2 protein chains.
Amino acid sequence: MTRVTIKDVAARAGVSIKTVSRVMNGEAHVRADVRERVMKVVEETGYRPNMFARGLSSARSFLVGAFFDDPASPYASDIQRGALTRCRERGHHLLIEEVDRDAGDWKSTLDTTLRQVRLVGAILTPPICDWPELIDLFDAHGVPVVRIAPALVPERTPLVRVDDRRASAEMTQLLIAAGHRDIAFIKGPPAHGSSNERWRGFCDAMQAAGLTVADHRVLEGDYRYRSGLAAAETLLDTGTPPSAVLASNDEMAFAVLVVAMRHGITVPDRLSVVGFDDMALARMAWPQLTTVHQPNFEVAAAAVDLLIDAAEPQDAAHHRIEVPYTIVKRASVGPAAV
Amino acid sequence: MTRVTIKDVAARAGVSIKTVSRVMNGEAHVRADVRERVMKVVEETGYRPNMFARGLSSARSFLVGAFFDDPASPYASDIQRGALTRCRERGHHLLIEEVDRDAGDWKSTLDTTLRQVRLVGAILTPPICDWPELIDLFDAHGVPVVRIAPALVPERTPLVRVDDRRASAEMTQLLIAAGHRDIAFIKGPPAHGSSNERWRGFCDAMQAAGLTVADHRVLEGDYRYRSGLAAAETLLDTGTPPSAVLASNDEMAFAVLVVAMRHGITVPDRLSVVGFDDMALARMAWPQLTTVHQPNFEVAAAAVDLLIDAAEPQDAAHHRIEVPYTIVKRASVGPAAV
DNA sequence: ACGGCCATTGACATCGTTGTCGGCTCGGCT
DNA sequence: AGCCGAGCCGACAACGATGTCAATGGCCGT
């Protein structure tokens, strides 16, 4: 199968290759009948512009890069899917790249990548979206960046985020409204912006309700299951467990459920548990987790839009998008025991 | 930051661009001192060949495509990570593509993609690795394909697989050795090759042990949690539950655990449960699941190797790779109640 | 009728690399 | 001394698109 090139189309349509190029790119200054004639030939031949030729001759590569700390995490999967879907809707492709924080040479590896392919733009996810050196590198290469949920210097790049602080406060209020007073909090890792936001939202709501946050009710995890187990163990393996636990993500909340079960503490009768993220896990737990749905798909799609729009001149769009969260009420919350 | 091109390097090293090209591609017929001189300049300038120019002038695009039915599944994540890691080790990049079975135009979408970018090769995962039309399309475009765990026509393309049948048989034997006789099996969806293999392995082992498989002990799921719930419900909501359940994947096995718990059936005392895949979930369950570890990372890496090696002439390698599984014994299996 | 402007179109250079092929050099052989 | 082949290297075309710029032709105003 010989590939059909712009020349073939031009010849068959009886126009110059430049005109075909114009038609393919939807540029103005092409007479309607000519445009139609070219389109017809394109239909017939199935011609599609070659990405490499495009990338070489223009700046536009039609390639969006998504950079992850851990591309195999469920979170990364969600983001990828959103980005992928939007990319294909807009005729682009998605390149997945990993930035390994433990590899000493991540900078040179990334540098190589950026030299090899001139990306339309890059999507940076937590926690790497908060590495200043990394952003410097993209800047140096002139690659536009959109960060997702960064913690630092929000003015530095366009970004897409969810109001984690407000979501966390709202979730805390939900517990308070159910009568809970002794609420424990399991923090996430400080490297993630969302982690701090969620902690602050919790404090906001507690303070607003006139409740104090006891030190021994606040534990630090790292968003992973094991850390949730450890935190839950210290919380529940005492004579006086809290009446509710707000974990900074579903994985740790799930761990709390498991530990509660092991200790014979029934949820939600004697303990309420809530999480964050609305991962698949939240629905697989028993009881199912009340949690904050993070619209990762939409977040990623918005990030792609931001990049592609910025690449096209007419933009001047907003550089900061906030996507709404929703609180998903399931069975893991009950009224406080009296 | 102006990009440094092959010309710059050539000029600085006092050689022709062709020689630089030779050095970069490790070709023969370059004197050692010249090679060294060029390499030094490359070091100094940080020169990296432009991917688009390469892809345009040669056939080699340095781009590997990974095609998924659902790129956001945990399985897809594993595969991606393996492929990604190996790709970067070998100086390639990974393009993620989704083939949406529900979209009527998946063929034309895919066709467009293949016309736009000339991939080094494509990795096809279950279940799309078994769509003959899809493979036809790749063939028509001359794009090499490696399939992962296909069910059909194994001779048609190179492939990487795990011996699911043997793994399943071994797992069944493990249950039999623990004294279980009344073993239930939850099937996966017939569209997945692994699903049938696992079922056949189960039958092999049962037959070898002289045990019969009762119809009402065999249920069909679709690898998803909900289907596992339904299957477990019909299995356990009777006066005479089986003494062990072999689910075709961890997600469904996890569902069995949940249903057992709801019914007050303790695992592993009164019921043994095993799964397949060794997903993160298997370790988060309580009790933790005994399961078959699928080396997805290695499988994907092997697939990438197969593609890249095939692209380089000197190959003639094997076209069928089998990666070893391992059975991971955890707490969800106990001796059969007497 | 003429000049000017704008919409339309095409010829050609260009992007950064690899493929082809021919030329040069050097050593060994006759 | 002359010839030959192998090893080394460079000039130039090619890959398939876009960018630049000039040419064409129609329409308008005067």
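Residue numbers begin at 1 in each chain, while the letters A, B, ... track the order of the sequences. Because the structure is predicted, anything quoted here is derived from the model rather than measured.
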Under 4.0 Å between a side-chain nitrogen and a carboxylate oxygen: does that hold for A:E98 and B:R88? no
To the nearest angstrom, how far is B:F52 atom CZ from C:dT17 atom C1'? 13 Å
Using whole Å, report how far NE2 of A:H29 lies from C1' of C:dC6. 9 Å
Does B:S57 get its side chain close enough to the base of C:dT17, under 3.5 Å, for a donor-acceptor pair? yes
Test B:N25 against B:R60 for side-chain contact (heavy atoms from CB on, under 4.5 Å), laying out the working first. CA-CA 12 Å; B:N25 291 289; B:R60 293 176 298 162; 3.5 Å; yes
Which word best sums up how the rings of A:F67 and A:F138 line up, parallel for under 30°, tilted for 30 to 60°, or perpendicular for over 60°? perpendicular
Is B:F62 touching bases, backbone alone, or none of the nucleic acid, heavy atoms closer than 4.0 Å? nothing
What's the CG-P distance between A:D33 and C:dT8, to the nearest Å? 10 Å
Ignoring backbone atoms, test whether A:T19 places a side-chain nitrogen or oxygen under 4.0 Å from the OP1 or OP2 oxygen of C:dG10. yes
When the nearest nucleotide of DNA chain D is assigned to B:A53 and to A:N25 on a heavy-atom basis, which residue is associated with the more 5' position? B:A53
Could you tell me how far apart A:R54 (CZ) and D:dG16 (C1') are, to the nearest whole angstrom? 11 Å
Does D:dG7 have OP1 or OP2 under 4.0 Å away from a side-chain N or O of B:R31? no
Does a side-chain N or O of A:S21 approach OP1 or OP2 of D:dA17 to a distance below 4.0 Å, or not? no
For atom CZ of B:R37 and atom P of D:dC8, their distance in whole Å: 14 Å
Using whole Å, report how far CZ of B:R48 lies from P of C:dG16. 17 Å
Whole angstroms only, please: what is the CD-P distance between A:E27 and D:dT20? 11 Å
Tell me which nucleotide among D:dG10, D:dA17, D:dG19 gets nearest to the side chain of A:Y47. D:dA17
Side-chain contact check for B:V15: nearest option of D:dG10, C:dG10, C:dG16 is D:dG10
To the nearest Å, how far apart are B:R35 CZ and D:dG7 P? 14 Å
Using side-chain heavy atoms (C-beta onward) and a distance below 4.5 Å, is A:V299 in contact with A:Q294? no
Side chain B:K18 and base C:dG19 donor-acceptor under 3.5 Å: yes
To the side chain of B:N50, which of C:dG16, C:dT9, D:dA11 is closest? C:dG16
Please state whether the base of C:dG19 and the side chain of B:R22 form at least one donor-acceptor pair under 3.5 Å? no
For C:dG16, does either OP1 or OP2 sit under 4.0 Å from a side-chain N or O belonging to B:T5? no
Which one of A:I96, A:L94, A:L84 satisfies the side chain to side chain contact (heavy atoms under 4.5 Å, CB included) criterion with B:P71? A:L84
